[in-house]
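We use all heavy atoms of the structure for the numbers below, so side chains are in, but hydrogens, waters and symmetry mates are not.
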Amino acid sequence: CRAPGILDFKDISNTSASAEIGYDVRLSSNSTTYYKPVLGNNWDSLINQYGGTLHLTGLLNNTEYEVKVKCICGNNRESGCSPTKTFTTN
């Protein structure tokens, strides 16, 4: 299956250090979202089931993050990653 594309970031909160990410993904696919501070070394991940919006919480304030998404296809296969994009929490 094809790699998803990240569309936009919305609702980047300055009080709860969270962000909502919208992306295009095949409706028949789950996806894994990978994110980390730009200056960090380790990627965290969340699995999103059948959706194009994911809400990340527990982020650090005033921090630039990078994020990428991968589709989980049938038969234990994964797509390539979307292009990596960045956002900054307030």
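With sequence neighbours left out, S45 forms a side chain to side chain contact (heavy atoms under 4.5 Å, CB included) with T32, Y34. Taking the salt bridge (charged side-chain N to carboxylate O under 4.0 Å, His left out) definition, one finds that E66 meets it with K36, sequence neighbours left out. Listed by chain and number, the residues in a side-chain hydrogen bond (donor to acceptor under 3.5 Å, both in side chains) with E78 are K70 (sequence neighbours excluded).
Other residues sharing a hydrophobic cluster with L39 under the 4.5 Å side-chain heavy-atom criterion for ILVMFWY residues do not exist; the residue is a singleton.
None of D44, V38, L60 except one satisfies the side-chain contact (heavy atoms from CB on, under 4.5 Å) rule with Y65; the exception is L60.
The shortest non-hydrogen separation linking L59 to Y35 is CD2-CE1, 3.8 Å.
Contact annotation: the side chain of V67 approaches that of T33 to within less than 4.5 Å [non-hydrogen atoms, C-beta and beyond].
Atoms CG and OG1, on N62 and T88 in that order, are 9.0 Å from each other to the nearest 0.5 Å. Here the straight-line distance linking atom NZ of K68 with atom OG1 of T84 works out to 5.0 Å at 0.5 Å rounding.
Listed for the S82 side chain is a donor-acceptor partner under 3.5 Å among the backbone atoms of V69.
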